[in-house]
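Numbering of residues begins at 1 and proceeds along the displayed sequence.
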Amino acid sequence: MTTLLTIGAFAKATRLSPKALRLYDELDLLPPARVDPDTGYRYYAAGQLDRARLVAWLRRLGMPLARIREVCALDAASAAREVRAYWARVEAETAVRRDLAAFLVDHLSAPPSTEEDTVMLHLRYAAHSDRGLVRPANQDAAYAGARLLAVADGFGPRGGPASSAAVQALRVLDSEEVAAGNVLGLLEDAVRGAGEAVRGVAGDTDETGTTLTALLWTGSRLALAHIGDTRAYVRRAGSLFRITHDHTVVQSLLDEGRLTPEEAGVHPQRSLLLKALSGAGAPTPDVRLHDAVAGDRFLLCSDGLSGVVPDAVVDRLLVAADDPAQAVRSLVGAARDAGAPDNVTCVVADVVDPGA
């Protein structure tokens with residue numbers, strides 16, 4: 001008869017907590033050998049110790065649970081190749097973050113600028129929206145002006161009017177200069193107004209609504225407001241950085257390590273939103289300030305671009321484009337080349353020094 005270990009004894013032997021073991025059971029990563037039908041208490045076989053220790057080591061390496069499940073199903077040689085490939089990817093991503101960290105250290109170490117020596121930069125911008133190759137109508141909306149950049153992606157029976165209403169509500173911000181000290185408050189108020197405009201279109205239901213990502217320019221800084229899975233990126237110091245975080249079910253699973261990026265890309269619920277402007281309400285947006293320097297190139301886009309065109313391709317097209325107008329055409333063209341199953345909308349803006 002096989003000797004079974006209690007969950008406490010097994011946790012001690014593997015240096016995994018009982019809480020972690022219960023999670024791994026739920027994910028079918030490390031199911032117990034036996035579960036007591038009356039108490040629900042878990043028991044493990046001694047033969048499971050090696051697998052449990054491998055799981056513990058891979059978690060200490062930082063590998064997501066979904067990928068650990070794949071590695072554990074392989075033979076030793078194949079598992080070793082997967083670990084090597086995973087670590088190579090981690091090192092590549094770390095190199096990108098190291099470059100960003102170096103930039104931030106330089107930026108934060110610089111002496112604070114005074115009003116006299118602050119250079120007032122300008123935006124050069126372009127926007128383009130395309131129905132795509134599958135959808136019967138375009139439910140995206142975009143705006144690009146001297147002070148305001150915005151992209152909204154509508155959904156539901158009146159998604160098009162909802163996204164247009166949200167963007168239209170923000171356009172008042174493009175009509176007058178904004179002081180940097182008050183920009184976040186103005187942007188939050190404008191997003192609340194956008195939520196009210198969407199409710200006027202959608203009624204008291206969450207079946208119709210829109211995402212919204214907007215940047216408001218002060219002449220030296222950009223204020224960001226973000227709800228949903230439209231995205232904002234900045235290309236700076238030779239690298240492309242995403243400055244928004246998707247409010248989706250799949251992103252939350254990625255954050256918890258329950259999915260790999262590869263699984264997230266094909267997940268059937270990848271478009272299921274956790275936050276959006278709808279008739280049911282307007283959640284608090286992510287709002288923060290971003291410094292801008294001459295040479296920055298900002299991109300706002302709907303998931304019709306980010307969902308089908310990899311970031312590496314987006315980066316290459318942004319580098320190759322001479323100006324924002326060429327950039328938005330190239331990006332939308334890449335989405336169409338990839339099948340464009342959704343509406344595709346892009347806004348690109350360059351930060352320029354008019355005196356240079």
How close do [X] and [Y] get, counting heavy atoms only, and between which atoms?
{"X": "D174", "Y": "A146", "answer": "OD1-N, 3.4 Å"}
{"X": "V191", "Y": "L170", "answer": "N-CD2, 4.0 Å"}
{"X": "P18", "Y": "I7", "answer": "O-CD1, 4.0 Å"}
{"X": "G304", "Y": "V344", "answer": "O-CG2, 3.8 Å"}
{"X": "E70", "Y": "L74", "answer": "O-CG, 3.4 Å"}
{"X": "N138", "Y": "R131", "answer": "ND2-N, 3.8 Å"}

Using a 3.5 Å distance criterion without hydrogens, assess whether the side chain of [X] forms a donor-acceptor pair with backbone atoms of [Y].
{"X": "R297", "Y": "V319", "value": "no"}
{"X": "D189", "Y": "L186", "value": "no"}
{"X": "D323", "Y": "Q326", "value": "yes"}
{"X": "K275", "Y": "T284", "value": "yes"}
{"X": "H245", "Y": "H247", "value": "no"}
{"X": "D350", "Y": "V352", "value": "no"}
{"X": "R336", "Y": "G339", "value": "no"}
{"X": "N343", "Y": "Q139", "value": "yes"}
{"X": "R236", "Y": "L240", "value": "no"}
{"X": "Q48", "Y": "A45", "value": "yes"}

Do [X] and [Y] touch side chain to side chain, with heavy atoms closer than 4.5 Å?
{"X": "L212", "Y": "V198", "answer": "no"}
{"X": "Y24", "Y": "V55", "answer": "yes"}
{"X": "V183", "Y": "L289", "answer": "yes"}
{"X": "L54", "Y": "R51", "answer": "no"}
{"X": "L331", "Y": "L318", "answer": "yes"}
{"X": "L187", "Y": "L173", "answer": "yes"}
{"X": "T6", "Y": "Y43", "answer": "yes"}

With no hydrogens and no angle check, just 3.5 Å: does a side-chain donor-acceptor pair link T210 and S163? no
Quick one about D140 and S302 (side-chain donor to acceptor, distance below 3.5 Å, no hydrogens or angles considered), yes or no? yes
Between D342 and R135, does at least one N-O distance fall below 4.0 Å, as a salt bridge requires? yes
Can R242 and D311 be counted as an ion pair, charged N to O under 4.0 angstrom? no
When you group the ILVMFWY residues by side-chain heavy-atom contacts below 4.5 Å and let the links chain together, are [Y] and [X] in the same group?
{"X": "L222", "Y": "Y125", "value": "yes"}
{"X": "L65", "Y": "Y86", "value": "yes"}
{"X": "V314", "Y": "L317", "value": "yes"}
{"X": "L21", "Y": "L23", "value": "yes"}
{"X": "V308", "Y": "L299", "value": "yes"}

Could you tell me whether [X] atom [atom1] has more than 12 heavy atoms of other residues or ligands within 6.0 Å of it?
{"X": "R34", "atom1": "CZ", "result": "yes"}
{"X": "D75", "atom1": "CG", "result": "yes"}
{"X": "E207", "atom1": "CD", "result": "no"}

Return the orientation label for the Y44 and F10 ring planes: parallel under 30°, perpendicular over 60°, tilted otherwise. parallel
Testing T213, T244, D246 one by one against R231 for a side chain to side chain donor-acceptor pair (under 3.5 Å), which residue passes? D246
